Amino acid sequence: MKIGAFDHHVWPIICSTLLLMVFLAKFLRKKVKKNVKNRKFQLPPGRRGWPIIGDSIKWYNAVASSHPPQFVEEQVQRYGKIFSCYLFGKRAVVSADPKFNRFVMQNEGKLFQSSYPKSFRDLVGKNGVITAQGEQQKKLHSIASNMMRLEKLKFHFLQDIQRVINQTFNNLHDNQVICLQDICRKVAINLMVNQLLGVSNDSEVNEMAQLFSDFVDGCLSIPINLPGFAYHIAMKARESIISKINKTIETHRQQPSSGVGNGVLQRILEEESLPDDAVADFIINLLFAGNETTAKTMLFAVYFLSQCPMAMRQLLVEQERLKTARNNFGGEMMLTWQDYKAMPFTQCVIDETLRLGGIAIWLMREAKEDIRYQDYDIPKRCFVVPFLSAVHLNETVYEEALNFKPWRWMIPENQASLK
(Lines give C-alpha, C1' and ligand atoms only; values in the text may rest on other atoms or scores of the structure.)
Protein backbone atom coordinates (compact mmCIF):
# COMPACT_ATOMS: atom_id res chain seq x y z
CA MET A 1 0.00 0.00 0.00
CA LYS A 2 2.84 2.34 0.82
CA ILE A 3 4.59 1.55 -2.46
CA GLY A 4 1.36 2.01 -4.36
CA ALA A 5 0.74 5.32 -2.63
CA PHE A 6 4.29 6.38 -3.43
CA ASP A 7 3.72 5.50 -7.09
CA HIS A 8 0.42 7.29 -7.19
CA HIS A 9 1.77 10.61 -5.89
CA VAL A 10 5.29 10.70 -7.35
CA TRP A 11 4.83 9.54 -10.94
CA PRO A 12 2.95 12.72 -12.02
CA ILE A 13 5.79 14.77 -10.55
CA ILE A 14 8.42 12.68 -12.38
CA CYS A 15 6.53 12.97 -15.68
CA SER A 16 6.11 16.73 -15.25
CA THR A 17 9.81 17.13 -14.49
CA LEU A 18 10.79 15.10 -17.57
CA LEU A 19 8.51 17.16 -19.79
CA LEU A 20 9.94 20.36 -18.33
CA MET A 21 13.48 19.12 -18.99
CA VAL A 22 12.61 18.27 -22.61
CA PHE A 23 11.06 21.70 -23.09
CA LEU A 24 14.08 23.44 -21.56
CA ALA A 25 16.45 21.40 -23.72
CA LYS A 26 14.60 22.41 -26.89
CA PHE A 27 14.45 26.05 -25.78
CA LEU A 28 18.18 26.16 -24.97
CA ARG A 29 18.97 24.46 -28.28
CA LYS A 30 17.06 27.13 -30.20
CA LYS A 31 18.68 29.85 -28.10
CA VAL A 32 22.14 28.52 -28.88
CA LYS A 33 21.34 28.37 -32.59
CA LYS A 34 19.99 31.92 -32.48
CA ASN A 35 23.11 33.16 -30.67
CA VAL A 36 25.35 31.48 -33.21
CA LYS A 37 23.36 33.09 -36.02
CA ASN A 38 23.61 36.49 -34.33
CA ARG A 39 27.34 36.13 -33.95
CA LYS A 40 27.63 35.56 -37.68
CA PHE A 41 25.29 38.47 -38.47
CA GLN A 42 27.32 41.60 -37.76
CA LEU A 43 25.11 44.70 -37.52
CA PRO A 44 26.72 48.14 -37.24
CA PRO A 45 27.31 49.13 -33.59
CA GLY A 46 24.49 50.98 -31.85
CA ARG A 47 21.78 50.93 -29.22
CA ARG A 48 18.21 49.71 -28.79
CA GLY A 49 16.75 52.65 -26.89
CA TRP A 50 13.34 52.29 -25.24
CA PRO A 51 11.20 49.16 -25.95
CA ILE A 52 9.11 49.55 -29.16
CA ILE A 53 9.69 53.33 -29.24
CA GLY A 54 13.45 52.92 -29.57
CA ASP A 55 15.09 56.25 -30.43
CA SER A 56 12.09 57.62 -32.38
CA ILE A 57 11.36 60.46 -29.92
CA LYS A 58 14.98 61.64 -29.85
CA TRP A 59 15.06 61.40 -33.63
CA TYR A 60 11.90 63.48 -34.10
CA ASN A 61 13.03 66.08 -31.56
CA ALA A 62 16.36 66.53 -33.34
CA VAL A 63 14.89 66.67 -36.86
CA ALA A 64 12.32 69.27 -35.75
CA SER A 65 14.94 71.40 -33.96
CA SER A 66 17.17 74.18 -35.29
CA HIS A 67 20.00 71.63 -35.60
CA PRO A 68 18.56 68.45 -37.21
CA PRO A 69 21.82 66.39 -37.24
CA GLN A 70 22.16 66.58 -33.42
CA PHE A 71 21.01 63.01 -32.70
CA VAL A 72 23.08 61.59 -35.56
CA GLU A 73 26.18 63.53 -34.50
CA GLU A 74 25.91 62.18 -30.93
CA GLN A 75 25.64 58.59 -32.20
CA VAL A 76 28.49 59.07 -34.68
CA GLN A 77 30.77 60.18 -31.84
CA ARG A 78 29.93 56.99 -29.91
CA TYR A 79 29.65 54.38 -32.67
CA GLY A 80 31.07 55.75 -35.92
CA LYS A 81 29.61 57.11 -39.17
CA ILE A 82 27.43 54.02 -39.69
CA PHE A 83 25.42 52.94 -36.64
CA SER A 84 22.25 51.08 -35.75
CA CYS A 85 19.27 52.06 -33.59
CA TYR A 86 15.50 51.49 -33.39
CA LEU A 87 13.23 53.88 -35.31
CA PHE A 88 9.46 53.57 -35.84
CA GLY A 89 9.44 50.15 -34.15
CA LYS A 90 12.11 48.60 -36.39
CA ARG A 91 15.87 48.15 -36.45
CA ALA A 92 17.45 50.90 -38.51
CA VAL A 93 20.92 51.47 -39.94
CA VAL A 94 21.71 55.20 -40.05
CA SER A 95 24.58 56.59 -42.10
CA ALA A 96 26.53 59.83 -42.09
CA ASP A 97 29.09 58.24 -44.38
CA PRO A 98 29.17 59.74 -47.94
CA LYS A 99 30.36 56.48 -49.55
CA PHE A 100 27.64 54.37 -47.97
CA ASN A 101 24.99 56.99 -48.78
CA ARG A 102 26.11 56.90 -52.40
CA PHE A 103 25.99 53.08 -52.32
CA VAL A 104 22.38 53.16 -51.12
CA MET A 105 21.26 55.66 -53.77
CA GLN A 106 23.10 53.85 -56.58
CA ASN A 107 21.30 50.62 -55.65
CA GLU A 108 17.83 52.17 -55.42
CA GLY A 109 15.35 49.59 -56.69
CA LYS A 110 17.95 46.80 -56.65
CA LEU A 111 19.03 46.32 -53.04
CA PHE A 112 16.95 49.09 -51.45
CA GLN A 113 13.45 50.48 -51.82
CA SER A 114 11.73 53.54 -50.42
CA SER A 115 10.03 53.06 -47.06
CA TYR A 116 8.23 55.64 -44.94
CA PRO A 117 6.20 55.77 -41.70
CA LYS A 118 2.49 54.92 -41.92
CA SER A 119 1.32 58.53 -41.55
CA PHE A 120 3.47 59.62 -44.50
CA ARG A 121 2.38 56.69 -46.71
CA ASP A 122 -1.29 57.28 -45.95
CA LEU A 123 -1.10 60.98 -46.79
CA VAL A 124 0.96 60.96 -49.99
CA GLY A 125 -0.91 57.88 -51.27
CA LYS A 126 0.18 54.54 -52.67
CA ASN A 127 0.21 55.73 -56.30
CA GLY A 128 2.67 58.59 -55.89
CA VAL A 129 6.23 58.94 -57.18
CA ILE A 130 7.53 59.06 -53.61
CA THR A 131 6.00 55.81 -52.30
CA ALA A 132 5.45 53.65 -55.41
CA GLN A 133 7.76 50.67 -55.98
CA GLY A 134 9.23 48.81 -58.95
CA GLU A 135 7.81 49.32 -62.43
CA GLN A 136 5.04 51.62 -61.17
CA GLN A 137 7.64 53.94 -59.65
CA LYS A 138 9.65 53.98 -62.89
CA LYS A 139 6.53 54.77 -64.91
CA LEU A 140 5.46 57.62 -62.60
CA HIS A 141 9.00 59.02 -62.47
CA SER A 142 9.12 59.00 -66.26
CA ILE A 143 5.79 60.86 -66.43
CA ALA A 144 7.01 63.44 -63.90
CA SER A 145 10.25 63.98 -65.83
CA ASN A 146 8.33 64.37 -69.07
CA MET A 147 5.89 66.85 -67.54
CA MET A 148 8.68 69.00 -66.09
CA ARG A 149 11.06 68.95 -69.05
CA LEU A 150 13.71 71.67 -69.11
CA GLU A 151 12.31 73.16 -72.34
CA LYS A 152 8.97 73.79 -70.60
CA LEU A 153 10.61 75.19 -67.47
CA LYS A 154 12.78 77.58 -69.50
CA PHE A 155 9.76 79.47 -70.80
CA HIS A 156 6.45 78.94 -69.00
CA PHE A 157 7.77 78.35 -65.48
CA LEU A 158 10.17 81.32 -65.52
CA GLN A 159 7.38 83.63 -66.65
CA ASP A 160 5.00 82.29 -64.00
CA ILE A 161 7.62 82.76 -61.27
CA GLN A 162 8.08 86.42 -62.16
CA ARG A 163 4.34 86.99 -62.44
CA VAL A 164 3.66 85.49 -59.01
CA ILE A 165 6.56 87.33 -57.34
CA ASN A 166 5.50 90.68 -58.82
CA GLN A 167 1.88 90.07 -57.82
CA THR A 168 2.93 89.16 -54.26
CA PHE A 169 5.08 92.26 -53.78
CA ASN A 170 2.45 94.54 -55.31
CA ASN A 171 0.06 93.41 -52.58
CA LEU A 172 2.46 94.49 -49.81
CA HIS A 173 2.55 97.99 -48.33
CA ASP A 174 5.47 100.19 -47.26
CA ASN A 175 6.69 99.46 -43.73
CA GLN A 176 4.36 96.47 -43.51
CA VAL A 177 5.48 93.79 -41.06
CA ILE A 178 5.17 90.38 -42.71
CA CYS A 179 5.67 86.77 -41.71
CA LEU A 180 8.26 85.67 -44.26
CA GLN A 181 7.39 81.99 -43.89
CA ASP A 182 3.75 82.68 -44.81
CA ILE A 183 4.80 84.76 -47.83
CA CYS A 184 7.20 82.06 -49.06
CA ARG A 185 4.57 79.36 -48.64
CA LYS A 186 1.97 81.41 -50.50
CA VAL A 187 4.37 82.09 -53.39
CA ALA A 188 5.31 78.40 -53.59
CA ILE A 189 1.74 77.05 -53.43
CA ASN A 190 0.62 79.67 -55.97
CA LEU A 191 3.30 78.49 -58.39
CA MET A 192 2.69 74.77 -57.85
CA VAL A 193 -1.12 74.98 -57.99
CA ASN A 194 -0.90 77.03 -61.16
CA GLN A 195 1.63 74.72 -62.80
CA LEU A 196 -0.07 71.48 -61.77
CA LEU A 197 -3.77 72.33 -61.75
CA GLY A 198 -3.93 75.52 -63.82
CA VAL A 199 -5.49 77.40 -60.87
CA SER A 200 -4.57 81.08 -60.38
CA ASN A 201 -7.63 82.50 -58.57
CA ASP A 202 -6.54 84.12 -55.27
CA SER A 203 -9.31 82.63 -53.13
CA GLU A 204 -8.66 79.10 -54.46
CA VAL A 205 -4.91 79.49 -53.99
CA ASN A 206 -5.39 80.69 -50.39
CA GLU A 207 -7.68 77.76 -49.65
CA MET A 208 -5.18 75.31 -51.10
CA ALA A 209 -2.39 76.96 -49.06
CA GLN A 210 -4.29 76.33 -45.81
CA LEU A 211 -5.21 72.77 -46.76
CA PHE A 212 -1.64 71.99 -47.69
CA SER A 213 -0.30 73.48 -44.47
CA ASP A 214 -2.54 71.07 -42.51
CA PHE A 215 -1.50 68.24 -44.84
CA VAL A 216 2.24 68.80 -44.31
CA ASP A 217 1.89 69.08 -40.52
CA GLY A 218 0.58 65.51 -40.38
CA CYS A 219 3.10 63.80 -42.65
CA LEU A 220 5.38 62.64 -39.82
CA SER A 221 2.82 62.63 -37.02
CA ILE A 222 1.61 59.75 -34.85
CA PRO A 223 -1.09 58.00 -36.96
CA ILE A 224 -4.04 58.48 -34.59
CA ASN A 225 -7.18 59.18 -36.61
CA LEU A 226 -9.16 61.01 -33.93
CA PRO A 227 -10.34 64.66 -33.92
CA GLY A 228 -7.67 67.05 -32.67
CA PHE A 229 -4.70 64.94 -33.74
CA ALA A 230 -2.43 66.22 -36.55
CA TYR A 231 -2.87 62.99 -38.52
CA HIS A 232 -6.68 63.29 -38.47
CA ILE A 233 -6.55 66.95 -39.57
CA ALA A 234 -4.09 66.07 -42.33
CA MET A 235 -6.25 63.20 -43.63
CA LYS A 236 -9.25 65.54 -43.79
CA ALA A 237 -7.08 68.05 -45.72
CA ARG A 238 -6.05 65.26 -48.10
CA GLU A 239 -9.72 64.42 -48.76
CA SER A 240 -10.43 68.08 -49.61
CA ILE A 241 -7.41 68.34 -51.91
CA ILE A 242 -8.38 65.14 -53.74
CA SER A 243 -11.95 66.45 -54.08
CA LYS A 244 -10.62 69.59 -55.77
CA ILE A 245 -8.40 67.56 -58.08
CA ASN A 246 -11.31 65.30 -59.04
CA LYS A 247 -13.53 68.34 -59.77
CA THR A 248 -10.83 69.72 -62.07
CA ILE A 249 -10.60 66.33 -63.82
CA GLU A 250 -14.38 66.22 -64.29
CA THR A 251 -14.50 69.79 -65.61
CA HIS A 252 -11.77 69.03 -68.13
CA ARG A 253 -13.55 65.91 -69.38
CA GLN A 254 -16.85 67.72 -69.77
CA GLN A 255 -15.30 70.82 -71.40
CA PRO A 256 -11.91 69.80 -72.86
CA SER A 257 -11.50 73.10 -74.73
CA SER A 258 -12.48 75.37 -71.84
CA GLY A 259 -8.90 75.91 -70.67
CA VAL A 260 -9.83 74.84 -67.13
CA GLY A 261 -7.04 72.82 -65.61
CA ASN A 262 -4.48 74.07 -68.11
CA GLY A 263 -1.43 72.64 -66.37
CA VAL A 264 0.39 69.37 -65.71
CA LEU A 265 -2.93 67.74 -64.76
CA GLN A 266 -4.40 68.52 -68.15
CA ARG A 267 -1.36 67.09 -69.93
CA ILE A 268 -1.57 63.90 -67.83
CA LEU A 269 -5.22 63.43 -68.77
CA GLU A 270 -4.46 63.99 -72.44
CA GLU A 271 -1.17 62.12 -72.77
CA GLU A 272 -1.24 59.34 -70.14
CA SER A 273 -3.60 56.51 -69.22
CA LEU A 274 -3.82 56.54 -65.43
CA PRO A 275 -6.91 55.85 -63.27
CA ASP A 276 -8.28 58.88 -61.42
CA ASP A 277 -7.03 57.77 -58.00
CA ALA A 278 -3.52 57.39 -59.39
CA VAL A 279 -3.74 60.83 -61.02
CA ALA A 280 -4.83 62.39 -57.70
CA ASP A 281 -1.97 60.74 -55.77
CA PHE A 282 0.48 61.76 -58.48
CA ILE A 283 -0.55 65.43 -58.28
CA ILE A 284 -0.45 65.40 -54.46
CA ASN A 285 3.11 64.00 -54.60
CA LEU A 286 4.23 66.76 -56.95
CA LEU A 287 2.50 69.40 -54.83
CA PHE A 288 4.21 68.09 -51.70
CA ALA A 289 7.65 67.79 -53.29
CA GLY A 290 7.51 71.17 -55.02
CA ASN A 291 5.70 73.31 -52.48
CA GLU A 292 7.45 72.46 -49.22
CA THR A 293 10.98 72.40 -50.67
CA THR A 294 10.52 75.65 -52.64
CA ALA A 295 9.00 77.58 -49.73
CA LYS A 296 11.63 76.58 -47.19
CA THR A 297 14.53 77.10 -49.60
CA MET A 298 13.35 80.66 -50.30
CA LEU A 299 12.93 81.25 -46.57
CA PHE A 300 16.43 79.98 -45.76
CA ALA A 301 17.99 81.96 -48.62
CA VAL A 302 16.58 85.25 -47.31
CA TYR A 303 17.60 84.40 -43.75
CA PHE A 304 21.17 83.41 -44.65
CA LEU A 305 21.64 86.50 -46.84
CA SER A 306 20.39 88.74 -44.03
CA GLN A 307 23.12 87.26 -41.81
CA CYS A 308 25.85 87.70 -44.45
CA PRO A 309 25.98 91.34 -45.71
CA MET A 310 28.97 90.64 -47.98
CA ALA A 311 27.08 87.95 -49.89
CA MET A 312 24.00 90.18 -50.07
CA ARG A 313 26.03 93.04 -51.60
CA GLN A 314 27.66 90.78 -54.19
CA LEU A 315 24.29 89.27 -55.12
CA LEU A 316 22.73 92.74 -55.57
CA VAL A 317 25.69 93.94 -57.67
CA GLU A 318 25.33 90.95 -59.98
CA GLN A 319 21.60 91.41 -60.41
CA GLU A 320 21.78 95.22 -60.77
CA ARG A 321 24.37 94.73 -63.51
CA LEU A 322 21.99 92.41 -65.33
CA LYS A 323 19.09 94.82 -64.82
CA THR A 324 21.13 97.71 -66.28
CA ALA A 325 22.07 95.60 -69.29
CA ARG A 326 18.41 94.66 -69.84
CA ASN A 327 17.29 98.32 -69.60
CA ASN A 328 19.84 99.30 -72.25
CA PHE A 329 17.98 97.02 -74.64
CA GLY A 330 14.60 98.69 -74.42
CA GLY A 331 13.19 98.89 -70.89
CA GLU A 332 11.80 96.25 -68.54
CA MET A 333 11.45 92.75 -69.90
CA MET A 334 10.84 89.34 -68.39
CA LEU A 335 13.97 87.47 -67.40
CA THR A 336 14.99 84.67 -69.77
CA TRP A 337 16.84 81.41 -69.28
CA GLN A 338 19.98 83.09 -70.65
CA ASP A 339 19.67 85.78 -67.95
CA TYR A 340 19.41 83.09 -65.28
CA LYS A 341 22.54 81.35 -66.57
CA ALA A 342 24.36 84.71 -66.57
CA MET A 343 24.11 84.99 -62.77
CA PRO A 344 26.86 82.64 -61.47
CA PHE A 345 26.99 84.08 -57.93
CA THR A 346 23.22 83.75 -57.63
CA GLN A 347 23.67 80.05 -58.39
CA CYS A 348 26.35 79.85 -55.68
CA VAL A 349 23.89 81.35 -53.18
CA ILE A 350 21.29 78.74 -54.19
CA ASP A 351 23.80 75.87 -53.83
CA GLU A 352 24.99 77.08 -50.42
CA THR A 353 21.39 77.49 -49.23
CA LEU A 354 20.62 73.90 -50.28
CA ARG A 355 23.74 72.65 -48.48
CA LEU A 356 23.23 74.52 -45.21
CA GLY A 357 19.43 74.55 -45.07
CA GLY A 358 18.54 71.59 -47.28
CA ILE A 359 15.02 70.25 -46.94
CA ALA A 360 15.71 66.60 -47.88
CA ILE A 361 18.04 66.11 -44.91
CA TRP A 362 17.46 62.34 -44.73
CA LEU A 363 16.02 59.51 -46.80
CA MET A 364 14.12 56.46 -45.59
CA ARG A 365 14.91 53.20 -47.36
CA GLU A 366 14.39 49.50 -46.65
CA ALA A 367 16.70 46.59 -47.50
CA LYS A 368 15.08 44.25 -50.04
CA GLU A 369 17.42 41.39 -49.09
CA ASP A 370 20.25 40.58 -46.71
CA ILE A 371 23.11 42.91 -47.65
CA ARG A 372 26.80 42.82 -46.80
CA TYR A 373 28.63 46.18 -46.78
CA GLN A 374 32.27 46.17 -45.75
CA ASP A 375 32.30 44.53 -42.27
CA TYR A 376 28.57 44.99 -41.63
CA ASP A 377 25.43 43.00 -42.38
CA ILE A 378 22.10 44.68 -43.06
CA PRO A 379 19.18 42.26 -42.68
CA LYS A 380 16.24 42.14 -45.04
CA ARG A 381 13.44 44.65 -44.23
CA CYS A 382 15.77 46.71 -42.01
CA PHE A 383 15.35 50.50 -42.30
CA VAL A 384 18.33 52.20 -43.93
CA VAL A 385 18.59 55.96 -43.37
CA PRO A 386 21.18 57.96 -45.34
CA PHE A 387 21.40 61.18 -43.31
CA LEU A 388 22.47 63.71 -45.95
CA SER A 389 22.56 66.73 -43.65
CA ALA A 390 25.21 65.15 -41.45
CA VAL A 391 27.51 65.05 -44.48
CA HIS A 392 26.64 68.59 -45.61
CA LEU A 393 27.49 69.99 -42.16
CA ASN A 394 30.62 67.90 -41.65
CA GLU A 395 33.73 70.03 -40.99
CA THR A 396 35.96 67.38 -42.57
CA VAL A 397 34.00 67.65 -45.83
CA TYR A 398 33.37 71.43 -45.92
CA GLU A 399 35.59 74.02 -44.29
CA GLU A 400 33.59 76.12 -41.80
CA ALA A 401 30.62 73.90 -42.59
CA LEU A 402 28.22 75.74 -40.28
CA ASN A 403 28.89 79.12 -41.91
CA PHE A 404 27.08 80.51 -44.95
CA LYS A 405 29.85 80.92 -47.57
CA PRO A 406 28.50 80.94 -51.15
CA TRP A 407 32.01 81.51 -52.52
CA ARG A 408 32.90 77.89 -51.73
CA TRP A 409 30.91 76.85 -54.82
CA MET A 410 33.26 78.76 -57.10
CA ILE A 411 35.78 75.97 -56.38
CA PRO A 412 35.37 73.17 -59.01
CA GLU A 413 35.85 70.33 -56.46
CA ASN A 414 32.92 71.57 -54.37
CA GLN A 415 30.72 71.89 -57.47
CA ALA A 416 31.38 68.24 -58.22
CA SER A 417 30.52 67.18 -54.65
CA LEU A 418 27.06 68.74 -54.86
CA LYS A 419 26.10 66.74 -57.94
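Note: hydrogens, waters and symmetry copies are ignored here, and every other heavy atom, side chains too, is used. The structure displayed is predicted, hence computed values, not measured ones. Quick note: residue numbers are just sequence positions, from 1.
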Say whether, by atom type as modelled, one donor and one acceptor occur between the side chain of [X] and the main chain of [Y] under 3.5 angstrom.
X	Y	answer
Asp276	Asn246	no
Glu395	Glu400	yes
Thr353	Thr297	no
Ser84	Pro44	yes
Glu366	Ser115	no

Would you say [Y] and [X] are linked by a side-chain donor-acceptor pair, where the criterion is simply a distance under 3.5 Å?
X	Y	result
Asn166	Gln162	no
Asp351	Gln347	yes
Asp97	Ser95	no

Carboxylate-amine/guanidinium contact [X] [Y], below 4.0 Å:
X	Y	value
Arg238	Asp281	yes
Lys405	Glu352	no
Arg47	Asp55	yes

- prompt: Name the one of Gln319, Gln314, Lys341 that satisfies side chain to side chain contact (heavy atoms under 4.5 Å, CB included) with Thr346?
  reply: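 That would be Gln319.
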- prompt: Could you go step by step and tell me if Phe300 and Leu356 meet the side chain to side chain contact (heavy atoms under 4.5 Å, CB included) rule?
  reply: CA-CA 9 Å; Phe300 279 127; Leu356 194 56; over 6 Å; no
- request: Determine, for Tyr398 and Arg355, whether the Lys NZ or Arg CZ falls below 6.0 Å from the six-membered ring centre while staying within 45 degrees of the axis.
  value: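 Positive - Arg355 is close enough to the ring of Tyr398 and near enough to its axis.
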- prompt: Do Lys58's NZ or CZ and the ring of Phe71 fall within the cation-pi criteria of under 6.0 Å and 45°?
  reply: no
- request: I would like to know whether Trp407 and Met310 meet side chain to side chain contact (heavy atoms under 4.5 Å, CB included); could you show each step before the answer?
  value: CA-CA 11 Å; Trp407 303 274; Met310 188 184 298; 3.9 Å; yes
message: Are Phe215 and Phe212 an aromatic pair, judged by ring center distance below 6.0 Å?
response: yes
- prompt: Under 6.0 Å between the ring centres of Tyr86 and Trp59?
  reply: no
What distance separates [X] [atom1] from [Y] [atom2], expressed to the nearest 0.5 Å?
X	Y	atom1	atom2	answer
Met192	Thr293	CE	OG1	7.5 Å
Thr248	Arg253	OG1	CZ	11.5 Å
Arg372	Asp377	CZ	CG	4.5 Å
Cys179	Lys186	SG	NZ	13.0 Å
Ile241	Asp214	CD1	CG	8.5 Å
Asp339	Lys323	CG	NZ	13.5 Å

Side chains of [X] and [Y]: closer than 4.5 Å at any heavy-atom pair?
X	Y	result
Val94	Gln75	no
Arg365	Phe383	no
Asp122	Tyr231	yes
Lys380	Lys368	no
Leu363	Val385	no
Met298	Val302	no
Lys244	Glu207	yes
Leu180	Tyr303	no

Step through the shown structure and confirm whether more than 12 heavy atoms of other residues, nucleotides or ligands are within 6.0 Å of [atom1] on [X].
X	atom1	result
Asn170	CG	yes
Ile222	CD1	no
Gln176	CD	yes
Ile57	CD1	no
Lys90	NZ	yes

task: Could you go through the side chain to side chain contact (heavy atoms under 4.5 Å, CB included) check for Arg121 and Lys118 one step at a time?
output: CA-CA 5 Å; Arg121 294 197 309 270; Lys118 174 178 167 55; 3.9 Å; yes
- request: Could you give me the CA-CA distance, side-chain angles and deciding distance for Asp182 and Arg185, then say whether salt bridge (charged side-chain N to carboxylate O under 4.0 Å, His left out) is met?
  value: CA-CA 5 Å; Asp182 292 344; Arg185 275 189 166 179; 5.9 Å; no
- request: Begin from the C-alpha positions of Asp217 and Ser221 and carry the test side chain to side chain contact (heavy atoms under 4.5 Å, CB included) through to its verdict.
  value: CA-CA 7 Å; Asp217 289 343; Ser221 62; over 6 Å; no
- prompt: Nearest heavy-atom pair of Leu158 and Thr336: which atoms, and what distance?
  reply: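 Between these two residues, the closest heavy atoms are CD1-C, 3.8 Å.
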- request: Determine the interplanar angle of the Tyr340 and Trp337 rings, folded into 0 to 90°, and report it as parallel if under 30°, tilted if 30 to 60°, perpendicular if over 60°.
  value: tilted
query: Is there a ring pair (Phe, Tyr, Trp, His ring centres under 6.0 Å) between Phe83 and Tyr376 once you walk through the steps?
result: CA-CA 10 Å; Phe83 63 89; Tyr376 301 131; over 10 Å; no
